[in-house]
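Computed from a prediction, not measured in an experiment: that's the story for all the values here. Just so it is clear: chains get the letters A, B, ... in the order the sequence lines come, proteins before strands, and each one is counted from 1.
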Amino acid sequence: MIKPEVIGGLKLKDELLKVGRWAIEQARSQGVEAEAFLLHSEDLTIEVRDGQVDTLKQAEEIGIGVRVFQGNRMGFSFTTALNQPAIREAIERAVAGARYTADDEYNGLPEAVEGYPEMATYDEDMEKTELETKVEMARQVEAEARRYDKRIKVVESSGYEESRYSLAVVNSRGTEAFQRGAYCGLYISLMAEENEQVQTGFAVEARRHIKDLDPARVGTEGAHNAIRLLGAKSAPSRPLPCVLEPYVMTSFLRVLSNSLSADSVQKGKSMFKGKLGQTVASSQVTLVDDGTYERGIASFPFDGEGWPSQRTVLIEQGELKGFLYDSYTARKDRTTSTGNGMRGSFRDLPSVGNTNFYMLPGTVAPERLWDDIERGLYVTEVMGMHTANPISGDFSLGATGIMIEKGKLTYPVRGVTVAGNLFDFLRDIEGIGSNLRFYGATGSPTVRVKSLSIGGE
Amino acid sequence: MLDHRVIAMVLKEALKKGGDFAEIYVEEKNLTGVVCEDDKIEKVNSGRESGAGIRVISNENTAYAYTNDLSEEGLLKTAAIVAHAAAGAARDLSINLKQRHSDLKLPFVILPEAFSFEKKVKVLLDANRAARGVDPAIKQVTVSLADLHKRFQVANSLGHLVEDEIVRTRFVVNAVAAREDIIQTGFEAVGGVLGWELLEEFDVEQLSRQAAKRAVLMLDARPAPAGRMPVVMFSTAGGTMVHEACGHGLEADLVQKGLSVYAGKIGQEVAAPVVSVIDDSSLPQKNGSFRFDDEGTPGRKNVLIDKGVLKGYMYDRLTAQKDGVEPSGNGRRESYQHKPIPRMTNTYIAPGDHDPEDIIKDTPYGLLVKKMGGGQVNTTTGDFVFDVQEGYIIRNGEVQYPVRGATLTGNGPEVLKSIDMVGNDLGFSIGTCGKDGQGVPVSDAQPTMRIKSITVGGTGSGEGPEVRKVFWF
């Protein structure tokens with residue numbers, strides 16, 4: 001149904017919606033309610049090494065996921081072939097699957113909505129910019145990093161990435177949503193060496209607009225991150241006050257967003273269950289999820305169920321205010337979706353997930369956060385965050401950082417662990433920087449916490 | 001699957017503007033998944049996906065493009081994109097495709113198509129019931145099944161052609177136990193390159209009970225101590241440690257970029273003499289098994305470290321060419337959307353000759369690891385971290401009490417050198433290994449073994465052999 005020459009052209013919107021409508025009609029003729037989610041994307045990756053293009057990758061992907069409801073039973077199937085027999089077969093498989101899922105009164109399509117927030121999510125300039133210009137940006141990242149310090153011995157990879165995509169959601173209750181989106185980014189990962197010790201560093205930056213990318217900034221930051229750790233040694237085991245860089249904090253926030261999903265709460269997998277209205281964090285902490293945040297790369301007018309995006313305050317000045325909902329979990333809690341029915345691709349069912357999830361900045365300049373720390377750790381990197389337990393909140397991570405002594409950053413530290421419990425951690429936050437830095441869709445200021453358990457020698 | 005004539009045409013088109021090597025990888029796959037959570041079948045998912053990835057290598061640089069459009073027209077358009085990116089002298093060569101063979105047998109008995117949704121649902125409901133029956137403290141159980149049936153073709157401008165199919169099945173259980181403010185989880189997963197005979201190899205109800213019991217056990221566990229101490233890794237812990245601490249550093253791409261601590265150390269002693277490390281894709285039914293890798297190289301057994309001495313690295317085609325060796329059959333990719341890179345398959349430390357129980361008896365004080373969680377490694381420095389799902393304190397050669405929240409942090413080469421006892425058993429675990437944004441299924445294994453000293457991170461107070469707080473227990 002979709003001809004190659006149409007893809008990427010202006011007719012894409014019409015074509016995707018047409019295919020979606022056709023799929024819904026087919027499903028209705030089989031006596032089920034249905035939703036079609038269609039994605040077309042074009043990705044570009046340029047990886048540079050030693051000034052040469054090591055890998056150039058260009059990709060085009062298309063697919064449809066069909067969710068059906070037979071009464072209160074739900075089925076799902078997807079296909080990458082957008083022709084009538086393949087879509088018909090996908091619907092049949094979804095209907096067959098629905099026979100075996102639970103009869104759940106909360107299952108169902110979201111109601112049709114009146115409209116969506118006006119948002120600019122596409123960058124025409126990105127599409128128009130020549131490939132050679134993008135290659136040059138990737139080269140510049142590498143060159144800047146090498147120029148920063150001659151102890152930068154190996155640049156593992158540096159590059160440019162972009163994704164341009166079109167999403168359509170059509171359902172049998174009358175929802176019809178379409179939008180194009182795009183984002184691009186630069187990254188570098190490298191190695192510094194001195195006195196036979198090696199340290200790694202990286203930097204990454206993702207933006208909605210190609211004009212906002214700054215290769216020099218990315219290259220310099222990557223190099224700086226490795227150089228500052230040269231000469232690192234272990235530290236004694238003891239509890240210490242810690243200051244966490246935004247990058248480190250965003251790893252923590254990702255675990256936290258999981259516990260703030262209504263799905264985790266309803267299934268008893270969150271420590272926040274039953275704590276609405278209670279104080280769960282230091283009064284300095286405000287956490288929001290904002291699908292309409294203009295500069296966020298996860299901003300989009302609607303979610304994977306075609307529900308409008310919004311700004312949701314989850315924790316306000318330490319008090320637990322709410323959770324993230326898709327339409328299923330919202331129905332269960334007798335509330336409305338917060339526009340967090342996220343989908344990784346057309347291959348997945350929607351499930352609760354975050355959009356632009358971030359901690360609001362405070363008022364203290366980040367570099368003033370450790371002025372009065374007698375002895376502490378400035379944490380620059382943690383490893384193994386995926387092992388943190390999002391349910392109990394227990395974590396124990398490998399860490400690198402810089403020792404704080406008498407209010408000054410002194411020597412670099414590696415090979416230690418930092419351990420604690422995420423919920424104690426939230427209550428123990430005693431300082432929040434005035435900065436805000438996003439890594440992907442998660443953002444944080446620099447944060448100071450009263451004490452974490454350091455494991456070393 | 002594609003007609004050989006079309007394949008040859010696409011390869012020719014890809015090299016039209018130059019380049020040393022062209023390859024096409026085509027796959028068609030059917031996937032299904034069923035999830036039971038909250039005491040009910042929550043999701044069933046099925047899908048069909050097909051696509052092709054085409055690459056051209058010129059002067060060791062790669063141009064890669066993929067598409068879902070497998071029509072002749074769509075493939076030629078994709079080939080033209082990579083051709084455009086390739087540099088060099090134009091070539092016009094004739095390609096004679098010859099099918100490659102492997103003697104390796106990977107039998108699939110019960111194919112995914114033959115195992116209905118109905119049967120899957122029953123397996124999950126039974127497993128769910130088994131886990132929930134363990135203890136009233138079990139508050140949530142998630143059990144899931146997934147299978148994949150994939151047909152693929154790989155062909156290249158050298159004339160190699162491989163056409164094969166692979167079947168994967170997997171069962172996963174995750175149990176959550178809660179008491180007052182403490183929540184703990186237990187996890188088990190089994191799977192591999194085999195059909196649903198997986199359920200004959202493993203008793204999944206028993207596994208579900210095991211996961212639930214671990215979650216309950218950890219409710220009463222004390223916080224793990226922090227500090228350096230001996231660690232006995234039981235074979236049931238699985239091979240996360242060998243995978244993270246050593247395996248990644250032996251992948252040739254990292255070695256060649258100067259990003260591995262093992263670079264330039266072939267023939268040198270890099271581990272204790274009791275340690276041999278092997279990667280073997282030819283093991284039957286394991287999670288990282290295959291007849292051919294994703295570049296069409298036959299799978300085989302590779303001895304990486306022999307009695308402490310570094311013997312070789314894991315290669316894909318491109319890195320093998322750079323080192324002037326044969327590809328070792330480690331060129332893998334997540335799907336047609338990714339270029340192949342050197343990856344592990346089934347990686348293990350070979351069994352030694354100690355009785356596992358004797359290793360515990362011989363340990364005056366330390367941490368016993370019965371079950372591992374996930375891990376991560378910085379291959380450049382060799383620093384790694386992984387978490388302990390089920391751990392116990394050993395004192396005077398006896399297992400004392402469970403501890404929770406422990407992680408092991410160390411340096412790969414240092415740890416390999418400080419292994420001083422290796423058991424005569426071998427325990428496997430399965431996982432999906434992530435690297436460069438690609439996830440591939442692997443299995444890892446190790447015998448019971450003792451690491452003389454490693455940093456344990458925990459929230460408990462550091463307690464060494466001189467136990468001062470003994471009265472508080």
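For the pair K77(B) and E60(A), the salt-bridge criterion is met [side-chain N within less than 4.0 Å of a carboxylate O]. One finds no salt bridge joining D50(A) and K257(B) here, because no Lys/Arg side-chain nitrogen approaches an Asp/Glu carboxylate oxygen to under 4.0 Å. Using a 4.0 Å cut-off between a side-chain N of Lys or Arg and a carboxylate O of Asp or Glu, R99(A) and E118(B) do not qualify as a salt bridge.
Heavy atoms closer than 4.5 Å to chain A are found nowhere in A178(B), neither backbone nor side chain. Of the atoms belonging to L408(B), not a single heavy atom falls under 4.5 Å from chain A. Contact of T142(B) with chain A is made through the side chain alone, with heavy-atom distances under 4.5 Å. Heavy-atom distances place no part of D436(B) under 4.5 Å from chain A, backbone and side chain included. Heavy atoms of D383(B) lying under 4.5 Å from chain A belong to its backbone as well as its side chain. Residue I57(B): no heavy atom, backbone or side chain, is found under 4.5 Å from chain A. Proximity to chain A (any heavy atom under 4.5 Å) is restricted, for E60(B), to the backbone atoms N, CA, C and O.
S77(A) and S46(B) are linked by a side-chain donor-acceptor pair at a separation below 3.5 angstrom, with hydrogens and angles left out of the test. In this structure, a donor-acceptor pair under 3.5 Å is present between the side chains of N61(B) and Q52(A).
Interface summary for chain B: among R347(A), E47(A), Q199(A), the most heavy-atom pairs under 4.5 angstrom belong to R347(A). Residue with the most contacts toward chain B among G456(A), G65(A), S237(A): G456(A) (heavy-atom pairs, distance under 4.5 Å). Residue with the most contacts toward chain B among T200(A), L131(A), L397(A): T200(A) (heavy-atom pairs, distance under 4.5 Å). Contact tally against chain A (heavy-atom pairs below 4.5 Å) for D39(B), T455(B), N411(B), D253(B): the top residue is T455(B). Among T79(A), V198(A), D54(A), V154(A), the residue with the largest count of heavy-atom pairs under 4.5 Å with chain B is D54(A).
Judged by distance alone, with hydrogens and angles left aside, the side-chain atoms of K57(A) form a donor-acceptor pair with the main-chain N or O of Q337(B) at under 3.5 Å. Between the side chain of T101(A) and the backbone N or O of E42(B), no donor-acceptor pair lies under 3.5 Å. Put simply, the side chain of Q58(A) never gets that close to the backbone of A65(B): no donor and acceptor are under 3.5 Å apart.
For L219(B), the side chain to side chain contact (heavy atoms under 4.5 Å, CB included) criterion is met by A137(B), A177(B), R179(B), I182(B), Q184(B), not counting sequence neighbours.
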- Query: Run the side chain to side chain contact (heavy atoms under 4.5 Å, CB included) check on F78(A) and L31(B) step by step: do they pass?
  - Reply: CA-CA 10 Å; F78(A) 71 85; L31(B) 317 99; 3.6 Å; yes
